[in-house]
Amino acid sequence: MAVVQMRHLRTIERIFLLFGICFAAGSGFCQHVGDAGSTSLFVPGAVWPDTDGMPINAHGGGILFHEGVYYWYGEFKAGKTYLPDCNKSWGGTRVDVVGISCYSSTNLNDWKNEGIVLPAVVDDPKSDLDTSKAVERPKVIYNRKTKEFVMWMHVDIASYAAARCGVAVSEKPTGPFKYRGSFRPNAGVWPINVTDADKQPSETNALARDFAGGQMARDMTVFVDDDAKAYLFYSSEENPTMHVSLLTDDYLRPAAKYSRIFVGRLMEAPAVFKHGGKYYVIASGCSAWAPNAARSAVADNIFGPWTELGNPCTGEDVDKTFHSQSTFVLPLQGRANSLIFMADRWNQWDLPDSRYVWLPLEFADDGKPVLRWKDQWSFDTVPQLGASDASKPHHGI
Ligand code: GAL
């Protein structure tokens, strides 16, 4: 059932929006409005209007905090959702690429549309950004040395067989981003934890198969550590295994140092964060747009070993991550140790109507990350976790 947040809208816009959505949804819809007097409430899974009253359109995204402003980058999904023949066997629906959107906010409630900061290219099938391609999971990081905003993304053909990383740069957080091209990472480089067996080419060994040309890279994220070193996490080797790769100091290329993690575990949609001096990943399994049970893991060293901590969700629908898939974990600025888990609730047959599930991230007494469903909540109430929350022993799963 659809619900809507209307706190940003003027009366006349509220009437139009309610009329439109009630009409579209049939009946039984007009409840659960995310506004409790002066306190703005976030309603996970609801339509979330921007400051113009239009639904925020930034899927598979991530957030950069820069000079007092949060910038949310994501896939702008519009137009008809269709199932190309090449994806029929696994239900890989798509919309044609429009580009990467950006929204800005100082309070996480009110998001201003900053437009499409990396637009698709029309009628140029050779371009990675052609409307016929896939441009997904954009993440932007700021390089203090070069003063450049660097966007990493997964670029692909409609069947997802290309599995490449794309990079774009901008002088301003709101773009325009200049596309620098794509590649498969770590060509000619073995991972730091490679074994002799890993190096033997065989039909089932994608690592060795792709050694010369570069490793497959699908769902990805980037993470900047306290020492300003940046790391790229990507689902690789046809998806069963993830890689974590150091980036060069300018954040534009892999730096020829990477490791294989979660070997054979089929994890994607990685969201990486640091808490209490340890590294954490929350990720999904691989089931295309359909939700599955989230995974979590912790490590003292970003290259591993990583210890899996199980599904962080508690309560109903935990086997489906509350009908969503991870995309990012956002540290709140000005409130130490407050983290928000961001996820996408994909609508496979109407991708532009996909929604956002954001939840405060907590830690259990045993030191594992915990996500609890909330019908609605306020950004003021995100718990401040003590450093001790993450310094407890982890026993794994
Ligand atoms: C998901 C992935 C999404 C998108 C989708 C296509 O597994 O996380 O980013 O690629 O598959 O079906």
Side-chain angles (χ1 to χ4, degrees), residues 58-64 66 71-76 96-102 114-158 160-189 210 212-225 228-236 243-258 270 272 327-328:
H59 308 280
I63 290 182
L64 169 74
H66 184 73
Y71 296 93
W72 177 0
Y73 303 88
E75 304 157 29
F76 189 95
D96 286 348
V97 180
V98 177
I100 304 305
S101 55
C102 174
E114 301 284 357
I116 303 291
V117 293
L118 181 70
V121 169
V122 181
D123 286 337
D124 183 4
K126 286 204 184 112
S127 164
D128 288 340
L129 303 180
D130 185 67
T131 54
S132 63
K133 304 291 175 68
V135 182
E136 296 184 345
R137 297 194 175 273
K139 305 287 177 296
V140 174
I141 51 182
Y142 178 64
N143 190 300
R144 273 183 259 157
K145 271 195 202 149
T146 62
K147 302 205 178 338
E148 269 184 332
F149 295 85
V150 183
M151 180 187 293
W152 281 78
M153 68 210 98
H154 167 203
V155 297
D156 226 314
I157 55 176
Y160 292 95
R164 296 167 76 83
C165 294
V167 177
V169 295
S170 170
E171 286 167 12
K172 289 187 297 171
T174 50
F177 279 80
K178 200 162 173 247
Y179 190 61
R180 289 284 199 95
S182 74
F183 52 87
R184 280 196 171 180
N186 292 310
V189 182
D210 294 336
Q215 299 297 325
M216 296 179 91
R218 291 200 180 108
D219 279 13
M220 45 70 57
T221 195
V222 278
F223 170 77
V224 181
D225 208 344
K229 289 201 180 309
Y231 299 85
L232 173 72
F233 286 70
Y234 55 92
S235 301
S236 195
H243 294 175
V244 51
S245 181
L246 177 68
L247 297 182
T248 48
D249 285 349
D250 58 11
Y251 299 170
L252 297 177
R253 304 285 302 180
K257 181 179 181 185
Y258 72 109
V272 179
T327 187
F328 200 73

> Is the closest side-chain heavy-atom distance between S245 and P254 below 4.5 Å?
Replying inline: yes
> Thinking salt bridges, do D210 and R184 make one under a 4.0 Å N-O criterion?
Replying inline: yes
> Would you call V135 and Y179 a side-chain contact if the rule is heavy atoms closer than 4.5 Å?
Replying inline: no
>> Quick check: closest heavy atoms across S170 and G175, and the distance to 0.1 Å?
In response: OG-CA, 3.3 Å
>> Whether the side chain of T248 engages the backbone of A255 through a donor-acceptor N/O pair (distance < 3.5 Å, no angle test) should be reported.
In response: no
> Which of these, I157, D156, V155, sits in a side chain to side chain contact (heavy atoms under 4.5 Å, CB included) with R164?
Replying inline: V155
> Aromatic rings Y258 and H243: how do their planes relate, parallel, tilted or perpendicular, breaks at 30° and 60°?
Replying inline: tilted
> Going from CZ on R137 to CE on M220, what distance comes out if it is rounded to the nearest 0.5 angstrom?
Replying inline: 9.5 Å
> Looking at side-chain heavy atoms only, is the closest gap between P119 and L129 below 4.5 Å?
Replying inline: no
> Where do K139 and F328 land on the side-chain contact (heavy atoms from CB on, under 4.5 Å) test, with the steps shown first?
Replying inline: CA-CA 9 Å; K139 305 287 177 296; F328 200 73; 4.0 Å; yes
>> Any side-chain to backbone donor/acceptor pair from R218 onto Y160? Under 3.5 Å, distance only.
In response: yes
> When rounded to the nearest 0.5 angstrom, what is the spacing between OH in Y231 and CG in L247?
Replying inline: 9.0 Å
> Do you know the tightest heavy-atom contact between A163 and H154?
Replying inline: CA-NE2, 4.3 Å
> Which distance, rounded to the nearest 0.5 Å, do you find between the OH of Y251 and the CD of E148?
Replying inline: 12.0 Å
> Out of curiosity, S182 OG to M153 CE, how far, rounded to the nearest 0.5 Å?
Replying inline: 9.5 Å
> Between Y71 and V117, is a side-chain contact (heavy atoms from CB on, under 4.5 Å) present by the stated rule, with each step listed?
Replying inline: CA-CA 11 Å; Y71 296 93; V117 293; over 6 Å; no
>> Within this structure, what is the NE2-NZ distance for the pair H66 and K172, rounded to the nearest 0.5 Å?
In response: 12.0 Å
>> Looking at every heavy atom in both G60 and E75, which two are closest together, and how far apart are they?
In response: CA-OE2, 3.7 Å
> Do you know the tightest heavy-atom contact between S127 and K133?
Replying inline: O-NZ, 2.8 Å
>> Below 30° counts as parallel, above 60° as perpendicular, anything between as tilted: where do the rings of Y142 and F149 land?
In response: tilted
> So, for V97 and A120, which heavy atoms are closest and what is the spacing to 0.1 Å?
Replying inline: O-CB, 3.3 Å
> Which atoms form the tightest heavy-atom contact between L252 and V150, and what is the distance?
Replying inline: CD2-CG1, 3.9 Å
>> Using side-chain heavy atoms (C-beta onward) and a distance below 4.5 Å, is P138 in contact with L118?
In response: no
> Quick check: does any side chain N or O of W152 sit under 3.5 Å from a backbone N or O of I141, one acting as donor and the other as acceptor?
Replying inline: no
>> Closer than 3.5 angstrom, by distance alone: can the side chain of D128 be matched with the main-chain N or O of G181 as a donor-acceptor pair?
In response: no
>> I need the W72 CH2 to C102 SG distance, nearest 0.5 Å.
In response: 11.0 Å
>> Tell me whether S101 contacts the main-chain N or O of G115 through its side chain, where contact means a donor paired with an acceptor under 3.5 Å.
In response: no
